[in-house]
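A short worksheet on the structure shown next.
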Amino acid sequence: MEAYKLLHDGSIALARVEANGMRIDMRHLENTARRATFRAKFLTELLEKDPIYGKWRARFGRSASLTKRQQFAYVLFDILKYECRARTAPTAAYPLGQPKTDKKSLAHIDSEFVQDYFRLMKYLRIKSTFLEGIKREVVNGFLHPIQNLNIARTYRGSSDHPNGQNFPVRDPEMGKMIRQCIIPRNKNYVGVEFDFKGIEVAVAACYCKDPNLISYVSDPSKDMHRDMAAQCYMLPPDKVSKYLRYCAKNQFVFPQFYGDFYPHCARALWESLDREPEVKGYLASKGIRKLGKCDPQIDPVKGTFEYHIKEVEADFWGRRFEKYAQWKKRQWEQYQEEGGFNFFTGFAETGIFSRNDVTNHRIQGSAFHILLWTLIQTDKWLRQRRMRSKIINQIHDSMMMDVHRSEYQEVLAKVIRIATIEVREHWPWIIVPLTIEVEKYKTNWHNKRPVKLEAVA
DNA sequence: CAACAAAGCGCG
DNA sequence: AAAGCGCGCTTTGTTG
């Protein structure tokens, strides 16, 4: 019943989110689309002038095209004789797999032609997937992405026509070109984004009740990612830069939590040091000068970085988060006995699942349910009070609003109260504090800036 | 020709 | 023993 109610109330609240929609700056959208088209055209002409494309055309004639990956692979590996380091999974049509042509698999190729190829692909994606994808769906200046609650196996939400949950942000140029098109609904509104900080880690702590993990997510003076960076790179904690902390978070901690293992983590962490080479010197002073093979089939050699990360991994699960490891093991055994598992939010899953699924689904899904409950309560409160502020999107752990200027203080205070206090009263299984980060924009989404919260609370 | 699969890449 | 999870969109390529 609890899960049913969440889906029921969630469907209604999200239907209103769809109806509200996000305001699009159509003039800016058109201008940006023209710029993307121009850059794509420029790069196409540049690449087609290149002697390499001469060979490409000589081989494929009239069917030659820069966007055909099989042709691109043929040119790289059969004509130019670059080393092929990765192939796709075997299929009936290609028992050996095909050469992979994604950015990572070609990282070892030092070629202007390849770099410009990826730049071209980027502008084509900006143009077709994002700008044209938005334009196709705009009605009267507003975009209304569909909000699904019946798709994801984890009982997360999803979004389509267009997907409102994957607008670019990590690539600064891409993020700017797309997010500048999204603006407050009119001059009386401010765009506001409420983001749960580290919600999946917090939910993991609630499920496994590991005392060290609880302590990390509860004590603001502690910093798990900094500590893991210190351990991975063998640095004192106060010598960990922002960048190294970021690397440890995304190349060790999260992959480990979701079930990755040390050869992948070691390689990724090592390669990230290309941007901070002095750390390699520091590691060398500790006797670590080589990465190691990072082949899952072969035991790592003592003295390599891979061997070191293997030890960090053993310490991570054997000592630091021992209770978390025991929880994972217990959950897998229980799933094998019962053929399914239950969420703290009332949901259940039955069927065939991998070891990782059994723990990850609940963490990912329940984290979303905290956001969904927050959204439902916010929507209810806005309507009871006949407020003019509107919820306009949801991105798994964040909620976007157009907040009316006259309601700004009141809305921010209420949403923060729902997200950090009321949701914990509703769900006592949330045994750790929840924190919300707030950002706002007056011009467009790309220009969002952090809101100082003392001013609101 | 339509339907589907695969590859690649955008987000949390 | 097995070794990140969850989505949606576009283009190319295959199948029948």
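Below, chains carry the letters A, B, ... as their sequence lines are ordered, and counting in each starts from 1. Every value quoted in this text rests on a predicted model; they were computed, and no experiment measured them.
Between A:Arg156 and the phosphate of B:dC11, there is no side-chain N or O to OP1/OP2 separation shorter than 4.0 Å. Note on A:Thr129: every side-chain N or O is 4.0 Å or more away from OP1 and OP2 of B:dG10. Considering only side-chain N and O atoms, A:Thr101 lies under 4.0 angstrom from the phosphate OP1 or OP2 of B:dG8. Phosphate contact (OP1/OP2 of C:dG4, side-chain N/O of A:His264, threshold under 4.0 Å): present. Taking 4.0 angstrom as the limit, A:Thr67 places none of its side-chain polar atoms (N or O) nearer than this to OP1 or OP2 of C:dT11. Regarding contacts with the backbone of B:dG12, every side-chain N or O of A:Ser398 stays at 4.0 angstrom or more from both OP1 and OP2. Taking side-chain N and O atoms only, A:Arg170 has no distance below 4.0 Å to OP1 or OP2 of B:dG10. Contact between the side-chain N/O atoms of A:Lys100 and the OP1/OP2 oxygens of B:dG8 is found at a separation under 4.0 Å.
Comment: A:Arg362 does not engage A:Glu349 in a salt bridge, judged by the lack of any side-chain N to carboxylate O separation of less than 4.0 angstrom. The pair A:Arg39-A:Glu173 meets the salt-bridge criterion, with a side-chain N (NZ, NE, NH1 or NH2) lying under 4.0 Å from an Asp/Glu carboxylate O.
In this structure, CG in A:Asn212 is found 10.5 Å from CZ in A:Phe316, a value given to the nearest 0.5 Å.
With A:Tyr155 contributing its side chain and A:Ala348 its backbone, the two residues share a donor-acceptor pair below 3.5 Å. Side-chain atoms of A:Glu439 do not come within 3.5 Å of backbone N or O of A:Glu193 as any donor-acceptor pair.
Residue contacts for A:Arg362: at a heavy-atom cut-off of 4.0 Å it reaches no nucleic acid atom on any strand shown. As judged by a 4.0 angstrom heavy-atom cut-off over every strand, A:Met174 is placed among residues touching the sugar-phosphate backbone only.
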Write down the protein N/O and nucleotide N/O pairs, taken from nucleotides 14-16 of chain C, whose separation is under 3.5 Å; answer none if there are no such pairs.
from	atom 1	to	atom 2	distance (Å)
C:dT14	OP1	A:Tyr94	OH	2.6

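Of the residues listed (A:Ile363, A:Leu213, A:Thr359), the one engaging A:Phe257 in a side chain to side chain contact (heavy atoms under 4.5 Å, CB included) is A:Leu213, and it is the only one.
Under the 3.5 Å distance criterion, with hydrogens and angles disregarded, no donor-acceptor pair is assigned to the side chains of A:Arg69 and A:Gln98.
The listed nucleotides are C:dA3, B:dG12, B:dC9; the one nearest the side chain of A:Asp102 is B:dC9. Checking C:dC9, C:dC5, C:dT12 against every side-chain atom of A:Asn360, the shortest atom distance belongs to C:dC5.
Residue A:Phe353 contributes atom CZ, which lies 19 Å from atom P of C:dA2 at whole-angstrom precision. Computed from coordinates, the A:Asn166 CG to B:dG8 P distance equals 18 Å when rounded to whole Å.
Comparing A:His361 and A:Pro263 along DNA chain C, the residue whose closest nucleotide (by nearest heavy atom) sits nearer the 5' end is A:Pro263.
Remark: DNA chain C takes part in the stems B:1-12 with C:5-16, each of 3 or more antiparallel Watson-Crick or G-U pairs, criterion distances under 3.5 Å.
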